Every structure is written in C-alpha cells, then in structure tokens.
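The first residue in the sequence is number 1, and the count goes up from there. Computed from a prediction, not measured in an experiment: that's the story for all the values here.
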Amino acid sequence: MFVDEAKISVKGGDGGNGCVAFRREKYVPRGGPSGGDGGHGGDIYIEANPNDNTLLRYRYNREFRAERGRHGEGSDCHGRSGEDTVLRVPVGTVVFDADSGEQLFDLSAPGQRVLAARGGRGGRGNGNPAFSKPWHQAPREHEDGKPGQERHFRLELKLLADVGLVGFPNAGKSTFISRISAARPKIAPYPFTTLEPHLGVVSADPDAPPGQGRTFVVADLPGLIEGAHEGVGLGIRFLKHVERTRLIAHLVDTSDASDRDPVGDFQIIERELAAFSPALTEKPVIVVATKLDATTDRARLEKLHAFAAQRGLEFHAISSASGEGVTRLVRAIADALDRIPRAIPESNVLQAPYASAGPEDELRDLPHIARDQAGESAGERHAAVPRREER
C-alpha cells in the first residue's frame with residue numbers, strides 16, 4: 001500500500017529528577033550530601049532510509065516518545081540517560097510543522113538525520129557542586145527533570161525520480177514504463193487505471209559493460225484531466241512527485257482510437273501543471289506521441305509535431321506495443337539528463353529546528369560538572385524534604 005502523507009506527534013524523553021540523600025557510613029566521617037543527578041531524556045531523530053518507499057508505518061502509529069531519564073540515587077549515583085528514538089522515513093520525505101505549516105526539513109539524501117524533538121535535561125541532586133558549598137554543607141535542595149519537547153509534524157513524501165511521465169489517462173504511460181523497465185503497473189483499457197505513482201529504473205546503454213552504462217529513474221504518475229487542480233478526477237495529489245524530477249516526458253495519444261485534439265490535450269495538461277506549481281512549467285519537456293502502431297491517419301501526429309517544433313520542444317513518436325522508437329526515445333532522455341545538472345543534496349549534519357528554550361537547554365548536553373561551572377542559576381530550584389537518608 002502506497003502512503004505519501006502522514007501526521008505524527010513526537011515527544012522527547014523527560015529528564016530524571018535529582019536525588020536528596022546524605023552519606024552515613026561507618027568509618028566515613030563527614031560523609032555529606034550524596035544525591036545523584038537525574039539522567040537526560042532521549043532525543044527523537046528522523047532519518048532518511050533508502051530501503052523504505054512509503055509512509056505506511058506512520059499511518060496508524062502516530063505517537064512516538066523517547067525514553068525518559070532515570071532518577072538520581074544516593075551515593076552520588078547519577079541516573080542513566082534515556083535512549084534516543086530514530087524514526088526512519090523514505091528518502092524524499094519533507095517534514096512540516098503541523099501547527100504552522102512551515103517546512104522544517106527536506107530529507108533528500110540517504111542517511112540524512114535531523115533532530116526532531118530534544119529530550120529534557122536531568123535535574124541536579126543535592127550532591128551536585130552547585131548546591132554543596134563550603135558555607136552550605138548540608139543542602140536539601142534538588143531539581144526535578146525538565147520535560148522533553150513535544151512537536152506535531154506532517155510528513156509528505158515526494159518520490160525521487162529523474163523523469164516524470166505526465167499526460168491524460170490512457171495516454172500509454174504505464175505501458176511505456178513497463179516496456180523500458182522492470183516496473184509492472186496495472187494496464188487496462190479504461191481511464192484512471194494507475195491510482196498511485198510507480199518507479200522504474202531504466203538502462204539507457206544496455207550494451208555497455210556492467211556498472212558503466214547510463215541509468216535513470218522514471219516515475220509513472222496517474223493521469224490528469226482538465227480541472228484536476230480543482231479536484232476533478234484524481235486531482236493533483238500526486239503531482240508533488242514530479243516536483244523533484246529534472247525532466248518531464250509529456251505523453252500524448254495520437255492514435256485513431258482517440259478523437260481528441262492532441263495539441264489541445266498538451267495545453268490542458270500544461271495549464272494543470274502551472275496551476276499546481278509554476279516551477280513545473282520551467283522544467284525541460286520532451287513531447288512523446290504514443291500508440292504509433294495504431295495510428296493510420298498521420299494528420300494529428302503531424303499537427304502535434306509541428307506544434308512541438310514551433311515551441312522548440314524535442315519530439316518523439318513511439319509504439320510501446322511494438323517497440324518502435326522506444327530505444328531512440330530512451331537514449332534521447334539520457335542525453336537530455338546529461339545536460340541537466342543534478343541538485344546537490346544537503347549535508348547529513350544534525351539540525352535543531354527550534355531555538356533553545358532557555359539556559360538550561362543550552363547546558364543540557366554538557367557534563368554535569370561543566371554545566372554547574374557554566375551557570376549554577378540555570379533552571380528552577382525546588383526545596384524538598386529528602387526522600388531518604390542513608391544510615
């Protein structure tokens with residue numbers, strides 16, 4: 001099942017509470033305070049996984065929490081920090097803030113990992129040097145752990161492909177991708193056979209030695225019709241998958257079985273692409289006349305060819321059933337991709353989408369002693385009755 005949208009809620013682990021305890025042992029004079037610090041809560045990361053191709057796992061599991069930090073204990077025993085949680089998503093997933101709609105991350109590279117929610121800082125116990133001073137040798141103060149960040153995200157998958165196939169329903173897109181790749185989408189003689197995008201890897205140089213030929217990825221998108229940007233037919237829900245492509249192959253049916261104007265069909269799809277995103281109209285386009293084997297009257301074919309020449313667009317006529325013109329078109333697509341630069345993916349450096357809430361968050365990842373020396377007033381201090389005095 002193909003799922004390209006999901007909403008999730010994430011929460012970093014809460015920090016553990018600091019402990020109030022005093023050391024009371026035989027032969028240990030002046031034992032003093034020995035309450036340990038609480039552990040930090042675990043963080044939540046979102047990572048791009050090249051082995052996933054759908055957001056199905058987030059359709060039903062929508063809430064994710066990182067492990068909380070353990071509480072501090074006596075004898076200066078610090079609590080263990082919580083384990084981090086990693087949410088794996090397909091490469092090409094875009095993360096939006098569900099409340100504001102702001103785009104936060106674009107995971108376009110395999111292995112890219114971003115920080116989604118920070119865990120809470122652990123509280124300090126009374127044995128911490130921030131509380132234990134020469135003039136205050138029996139402190140009973142401690143800190144509670146800070147809560148972890150809670151965020152709501154909307155995940156949107158945009159497939160990574162080099163070429164996007166667009167056109168009216170039954171224009172021959174699914175037959176074409178099944179001819180040039182190992183993809184096997186459903187093919188039937190009725191409109192809207194394709195209900196979800198399909199990807200296929202194409203080898204443009206089959207005679208080249210293994211690993212040296214040119215390859216590219218083709219995305220077969222469900223057919224568009226006039227008014228798709230208003231929700232007619234399947235709408236434009238799947239057009240986001242063509243936004244990342246470098247080239248658009250516009251397939252037009254010119255066979256005798258279709259009584260539609262091929263130039264009019266091309267202009268209708270072009271308007272639908274522009275209504276979805278003006279950036280799609282700036283992508284290079286190859287015009288492909290399909291079903292050449294079922295075309296006896298070449299008038300409509302020549303009309304589309306003349307229109308493409310007038311617009312300065314590359315034109316090809318193919319028959320996916322007989323294979324006529326397919327090899328020439330595949331090599332032309334590979335040549336066009338060679339002239340189009342690839343987008344440079346972002347680095348895999350961890351990112352923090354939200355500014356720190358205060359000094360206690362800035363000190364959260366430092367060792368306990370370093371935090372105390374950096375600022376002993378960070379966070380709130382709570383006076384509390386000691387939980388247990390060790391004897």
Can you check whether E102's main-chain N or O pairs, donor with acceptor, with D97's side chain at less than 3.5 Å? no
Do L104 and F153 come within less than 4.5 Å of each other through their side chains, counting heavy atoms only? yes
Are the side chain of T215 and the backbone of V202 linked by a donor-acceptor contact shorter than 3.5 Å? no
Do the side chains of K303 and D261 get close enough for a salt bridge, i.e. N-O under 4.0 angstrom? yes
Which word best sums up how the rings of F64 and Y58 line up, parallel for under 30°, tilted for 30 to 60°, or perpendicular for over 60°? perpendicular
Would you confirm whether H40, through its side chain, and S81, through its main-chain N or O, come within 3.5 Å as a donor-acceptor pair? no
To the nearest 0.5 Å, how far apart are CG in D76 and SG in C19? 9.5 Å
To the nearest 0.5 Å, what is the distance between CZ (R121) and CD (E143)? 5.0 Å
R246 with D162: basic N within carboxylate O range, under 4.0 Å: yes
Got a salt bridge between D335 and R214, using NZ or NE/NH1/NH2 to carboxylate O under 4.0 Å? yes
Using atom types as modelled and distance alone, determine if a side-chain donor or acceptor of R68 lies under 3.5 Å from a backbone N or O of G15. yes
Drop me the distance from S322's OG to R179's CZ, to the nearest 0.5 angstrom. 7.0 Å
Less than 4.0 Å between a side-chain N and a carboxylate O, is that true for E63 and R65? no
Looking at CG of D297 and CD of E302, how far apart are the two atoms once the value is rounded to the nearest 0.5 Å? 10.0 Å
Given E150, R151, H152, the one that forms side chain to side chain donor-acceptor pair (under 3.5 Å) with S9: H152
Geometric class of the F315/H305 ring pair [parallel <30°, tilted 30-60°, perpendicular >60°]: parallel
Ignoring hydrogens, what is the shortest heavy-atom contact between L292 and L301? Give both atom names and the distance. CD1-CD2, 3.8 Å
Just by distance, no angles: are the side chains of S255 and D253 close enough, under 3.5 Å, to form a donor-acceptor pair? yes
Can you tell me if CZ on R62 sees more than 12 non-hydrogen neighbours from other groups inside 6.0 Å? yes
Any side-chain to backbone donor/acceptor pair from D84 onto D43? Under 3.5 Å, distance only. yes
If hydrophobic residues (ILVMFWY) are linked whenever their side-chain heavy atoms come closer than 4.5 Å, directly or via other members, who joins V94 in its cluster? F96
Is there a donor-acceptor pair under 3.5 Å between the side chain of N126 and the backbone N or O of H142? no
Taking every non-hydrogen atom, the tightest pair across E83 and E67: N-OE1, 3.0 Å
Do any N or O atoms from the side chain of Q149 and from the backbone of G12 form a donor-acceptor pair under 3.5 angstrom? no
Backbone of R260 reached by a side-chain donor or acceptor of R300 within 3.5 Å: yes
Could you tell me whether the side chain of V163 reaches within less than 4.5 Å of the side chain of T245, counting heavy atoms only? no
